[in-house]
Protein chains: 2
Amino acid sequence: MPKSPAPLYEQIRQLIVAALAAGEWRPGDALPSEAALAERFHASSGTVRKAMDELAAAHVVERRQGAGTFVATHTAPRNPYRFLRLVADEGVTTGFTRELLHCRRARATAETARALHLRTSEPVIEVRRLLLRRGRAVVLDDLWLPERHFRGLSSEVINAYPGTLYALFEERFQVHMVRAEEKLRAVAATAEAAELLGVADGAPLLSVERVAYTYGDRAVELRRGLYHTEADHYLNELN
Amino acid sequence: MPKSPAPLYEQIRQLIVAALAAGEWRPGDALPSEAALAERFHASSGTVRKAMDELAAAHVVERRQGAGTFVATHTAPRNPYRFLRLVADEGVTTGFTRELLHCRRARATAETARALHLRTSEPVIEVRRLLLRRGRAVVLDDLWLPERHFRGLSSEVINAYPGTLYALFEERFQVHMVRAEEKLRAVAATAEAAELLGVADGAPLLSVERVAYTYGDRAVELRRGLYHTEADHYLNELN
DNA sequence: TAGTGGTCTAGACCACATC
DNA sequence: ATGTGGTCTAGACCACTAA
């Protein structure tokens, strides 16, 4: 065994992520058993297990005792909105209904280009939609996606799909979101946002700017949400 | 070995937390070596190690290879404001200066009582302070602490202490904060908050309501922060 | 140099899901 | 009944820190 810069379990972890990025296993698929992976990577099962521990902690894979280890998916998880931290003040965990406002081709602004590592004015797809609870708009989302990874995305495609956007991206474009970074601010509602969210002009809104990453820390979505936090709040756990 | 409801490493983890809550080791102290703990708990070092893995992941302990394992502390960590997610938009990571506005005895409101598991009108200590960067107020914090755990806390004590509040709580009152839950909202500045933060009346502010917990998930602080997010943002990592 | 945590192995046995 | 992940062990060796 050559003297290595990174520990073996870390190398194995990276090799598995690379295989996921290459599409060797798709979201929802079962991975080979730990014993099989140990043989493949010429390591003991304990070492493979440590690599899988980290992938499971990062929600990249999901283990089910007795059944196997599966690639994490947005298509049929416990919580469909895995990255949405907005919850109702009262425990009413009713889901959201969605309303698509538009989906159109556009060119990357300087800000979008920076976030997604594109060149300015590269083609992107811009999506705007509302999330509503009991008919009341709670979230106004604007999304920007690099066109080259989401070719064919349109209003029709979105409206025809029953699940969340991230599930759609996964099934239709083989883009699985692994993690995200969010920057939060309080802002005053513009006239446009106020009307769409049914609040007064200038009302305080929670602005959530998200960059989402797929396997290998590739940024593939910029999203700006405006949350109406009158009967909802953004919940965060710190440790 | 009796048949047990929880795995051995989980029992060991809980026993170590209980020992920390009982003050057997104080923040900054070195824990016994993994081999010593293995003997104490009649387990193998691998099992003890798994328990320590989880405690390290939760920032309850800190491992330093070659030196030992130490109880996490707020007194001399890398980041003094461990739970403060507010960062400047531009990478200028200058620290904050603090300005204490008041520290006084009060009675728990219904809301405070609920958050801290007290009875309504039990005595609490109320603290208000500002965090400033380059002379500009960025955060207005209100804290409520159960008086029975913080007897003797006063403006003089706070002003005489050079470190953060959590470091003070740890050194002087043996209350170490382990984790916290935050609820975020956008709100309009009241006249009082606007004046203290130097913003317009009604300006949007980020409201951060935090409940902080010590060992064993005991809630010991309720804090409400108002963040001025014009040149700063609340940064959150999702996975 | 002695002691600590970090890596890796080989294997036993258990709990659980699936067929 | 088979195969999976989950727990636990015993021990070797390495990398690092501190006296």
Side-chain angles (χ1 to χ4, degrees), chain A residues 1-16 19-20 24-25 27-73 76-78, chain B residues 1-16 19-20 24-25 27-73 76-78:
Chain A
M1 206 168 319
K3 187 182 180 183
S4 0
L8 184 52
Y9 68 82
E10 175 61 20
Q11 298 177 44
I12 292 172
R13 206 206 94 240
Q14 290 173 10
L15 288 169
I16 292 172
L20 288 167
E24 179 167 348
W25 310 292
D29 286 357
L31 290 171
S33 73
E34 294 179 354
L37 288 171
E39 191 175 1
R40 165 165 169 175
F41 295 120
H42 308 295
S44 76
S45 68
T47 300
V48 167
R49 187 161 179 78
K50 173 141 186 166
M52 299 300 265
D53 281 347
E54 299 192 352
L55 292 172
H59 302 115
V60 172
V61 303
E62 185 183 324
R63 296 206 263 221
R64 287 178 230 152
Q65 178 170 164
T69 302
F70 300 81
V71 183
T73 176
R78 330 160 193 194
Chain B
M1 207 167 318
K3 187 181 180 183
S4 0
L8 185 52
Y9 68 82
E10 175 61 19
Q11 297 177 44
I12 291 172
R13 205 208 92 238
Q14 290 174 10
L15 287 169
I16 293 172
L20 288 167
E24 178 166 350
W25 311 292
D29 287 357
L31 290 172
S33 73
E34 293 179 356
L37 288 171
E39 192 174 1
R40 166 165 168 174
F41 295 119
H42 308 295
S44 77
S45 68
T47 300
V48 167
R49 189 165 177 75
K50 173 140 186 168
M52 298 300 264
D53 281 347
E54 299 192 352
L55 292 172
H59 301 117
V60 172
V61 304
E62 186 183 325
R63 294 205 265 220
R64 289 179 230 151
Q65 176 170 166
T69 303
F70 301 82
V71 183
T73 177
R78 332 160 188 194

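So that the names make sense, note that chain A is the first sequence line, chain B the second, and so on, each numbered from 1. A quick note: this is a predicted structure, and the numbers were derived from the prediction, not measured.
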Please name all residues satisfying side chain to side chain donor-acceptor pair (under 3.5 Å) with [X], sequence neighbours left out, ordered by chain then number.
{"X": "B/S33", "answer": "none"}
{"X": "A/T73", "answer": "A/T75, A/E170"}
{"X": "B/S45", "answer": "none"}

Interatomic distance where [atom1] belongs to [X] and [atom2] belongs to [N] [whole Å]:
{"X": "B/F70", "N": "C/dT4", "atom1": "CZ", "atom2": "P", "answer": "11 Å"}
{"X": "B/R13", "N": "D/dT7", "atom1": "CZ", "atom2": "P", "answer": "13 Å"}
{"X": "A/Q11", "N": "C/dT7", "atom1": "CD", "atom2": "P", "answer": "12 Å"}
{"X": "B/D53", "N": "D/dG6", "atom1": "CG", "atom2": "C1'", "answer": "15 Å"}
{"X": "B/L8", "N": "D/dA10", "atom1": "CG", "atom2": "P", "answer": "12 Å"}
{"X": "A/E10", "N": "C/dT7", "atom1": "CD", "atom2": "C1'", "answer": "13 Å"}
{"X": "B/E34", "N": "D/dC16", "atom1": "CD", "atom2": "C1'", "answer": "14 Å"}
{"X": "A/F41", "N": "C/dT9", "atom1": "CZ", "atom2": "C1'", "answer": "18 Å"}

May I have the list of side-chain donor-acceptor pairs in residues 53-68 of chain A shorter than 3.5 Å, sequence neighbours left out?
unit_1, atom_1, unit_2, atom_2, d
A/D53, OD1, A/R63, NH2, 2.2
A/H59, ND1, B/N239, O, 2.3
A/R63, NH1, A/E34, OE2, 3.4

Considering just the side-chain nitrogens and oxygens of [X], establish if one lies under 4.0 Å of OP1 or OP2 belonging to [N].
{"X": "B/R63", "N": "C/dT4", "value": "no"}
{"X": "A/T69", "N": "D/dG5", "value": "yes"}
{"X": "B/Y9", "N": "D/dT7", "value": "yes"}
{"X": "B/K50", "N": "D/dC8", "value": "no"}
{"X": "A/T47", "N": "C/dT9", "value": "yes"}
{"X": "A/R49", "N": "D/dG5", "value": "no"}

Touch class at under 4.0 angstrom, heavy-atom based, for B/A43 against every strand present: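 Result for B/A43 = sugar-phosphate.
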B/E39: partners by salt bridge (Lys or Arg N to Asp or Glu O under 4.0 Å), with sequence neighbours left out: none
Using the 3.5 Å cut-off, write out each protein N or O paired with an N or O of nucleotides 16-18 of chain C and the distance between them.
unit_1, atom_1, unit_2, atom_2, d
C/dC16, O4', A/Q65, OE1, 3.4

Heavy-atom side-chain proximity of B/I12 to B/K50 below 4.5 angstrom: no
B/F41 vs B/L8 side-chain heavy atoms within contact, under 4.5 Å: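 When only atoms from C-beta onward are counted, B/L8 and B/F41 do not touch, as no gap falls below 4.5 Å.
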